[in-house]
Amino acid sequence: MALNKFKASNGWLEKFKQRHELKFRTLSGESASADHAIILNFLSELNIKVEQYGKENIFNCDETSLFIKLTPRKSFVKTGDSARGFKRSKDKVTLHLCCSYTGEKFEPLIIGKYRNPRCFKNFLPKFMEFYTLRSKCVDDKRHFYILAQKN
């Protein structure tokens with residue numbers, strides 16, 4: 001059989017990939033170039049630190065923004081009608097989330113600039129309350145409010 005006369009269709013290619021369990025994937029990251037000896041050394045040092053401090057004293061905290069008045073970018077409109085947009089609100093609160101190594105989850109800390117955000121009107125749990133902090137970087141006496149668990 002002459003290879004110069006071979007013509008593969010899309011169906012042939014799909015069946016070939018399925019028969020040989022081949023997938024077309026994007027090569028991402030740099031894991032192939034990582035030095036495994038350094039990684040193993042780091043993991044052993046990390047285990048020593050965990051034992052030294054105790055699992056109950058290790059926490060993971062992160063923060064994210066929640067845009068409380070953000071409207072969707074897309075909407076259903078009737079064919080022929082124009083879809084006019086408007087300026088999008090950038091009002092937000094910052095959520096600070098934390099959990100321990102042992103799996104203990106803490107109540108989220110919510111930081112914002114409004115005393116009673118409307119987005120929490122029917123949602124605010126009774127064990128939460130607002131505290132105020134004066135921002136150190138703002139001179140016009142703006143206040144920022146922190147929603148924290150009552151003691």
Side-chain angles (χ1 to χ4, degrees), residues 1-114 116-128 130 133 135-138 142 144-149:
M1 179 173 152
L3 292 178
N4 57 0
K5 294 182 181 179
F6 176 74
K7 291 184 180 179
S9 65
N10 285 339
W12 178 89
L13 180 61
E14 290 301 317
K15 294 284 186 183
F16 180 84
K17 290 190 313 187
Q18 185 178 22
R19 184 172 39 249
H20 295 285
E21 298 179 1
L22 298 174
K23 301 257 186 230
F24 189 71
R25 298 276 169 98
T26 303
L27 302 177
S28 60
E30 298 175 2
S31 62
S33 62
D35 187 355
H36 295 286
I38 292 175
I39 293 171
L40 293 174
N41 185 31
F42 171 78
L43 291 175
S44 65
E45 288 180 21
L46 180 64
N47 287 332
I48 292 169
K49 293 286 186 186
V50 168
E51 292 298 323
Q52 184 180 4
Y53 288 103
K55 292 179 181 179
E56 66 280 355
N57 293 322
I58 298 175
F59 301 93
N60 182 26
C61 298
D62 203 359
E63 63 183 42
T64 185
S65 295
L66 175 65
F67 291 88
I68 56 179
K69 293 183 179 179
L70 194 60
T71 56
R73 291 182 187 199
K74 296 182 179 183
S75 182
F76 286 103
V77 292
K78 191 173 180 182
T79 304
D81 288 351
S82 65
R84 294 184 182 170
F86 45 88
K87 187 174 181 179
R88 302 180 82 198
S89 174
K90 294 181 179 140
D91 289 347
K92 67 177 182 175
V93 294
T94 300
L95 300 176
H96 187 80
L97 306 168
C98 187
C99 68
S100 72
Y101 186 95
T102 58
E104 179 184 7
K105 296 176 185 173
F106 297 93
E107 293 296 327
L109 179 67
I110 303 171
I111 304 169
K113 75 177 191 180
Y114 298 112
N116 295 311
R118 287 186 191 172
C119 64
F120 296 125
K121 179 180 173 186
N122 297 319
F123 172 74
L124 191 63
K126 293 184 179 173
F127 60 85
M128 303 293 259
F130 279 100
L133 285 179
S135 175
K136 295 179 182 177
C137 62
V138 179
R142 266 194 339 205
F144 288 89
Y145 296 92
I146 294 181
L147 184 61
Q149 188 172 358

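These numbers were taken from a predicted model, which means no experiment stands behind them. Each residue takes its place number in the sequence, starting with 1.
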For N47, I'd like to know if atom CG has over 12 heavy atoms of other residues, nucleotides or ligands within 6.0 Å.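 For N47, atom CG is crowded (more than 12 foreign heavy atoms under 6.0 Å).
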Give a yes or no on whether Y53 atom OH has more than 12 heavy-atom contacts from other residues, nucleotides or ligands under 6.0 Å away.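 No, the 6.0 Å shell around OH holds no more than 12 heavy atoms from other groups.
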Can you give me the closest heavy-atom contact between [X] and [Y], atom names plus distance?
X: K55; Y: V50; value: CG-CG1, 3.8 Å
X: H96; Y: C61; value: NE2-CB, 3.7 Å
X: F59; Y: C98; value: CB-SG, 4.1 Å
X: E63; Y: T94; value: CB-CG2, 4.1 Å

Angle class for the H20/F16 ring planes (parallel below 30°, perpendicular above 60°, tilted otherwise)?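 Tilted, since the angle between the ring planes falls between 30° and 60°.
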In Å and rounded to the nearest 0.5 Å, what is the [atom1] to [atom2] distance from [X] to [Y]?
X: Q18; Y: K23; atom1: CD; atom2: NZ; value: 8.5 Å
X: I58; Y: Q52; atom1: CD1; atom2: CD; value: 10.0 Å
X: L22; Y: L13; atom1: CG; atom2: CG; value: 9.0 Å
X: N41; Y: D35; atom1: CG; atom2: CG; value: 10.0 Å
X: R19; Y: W12; atom1: CZ; atom2: CH2; value: 7.5 Å

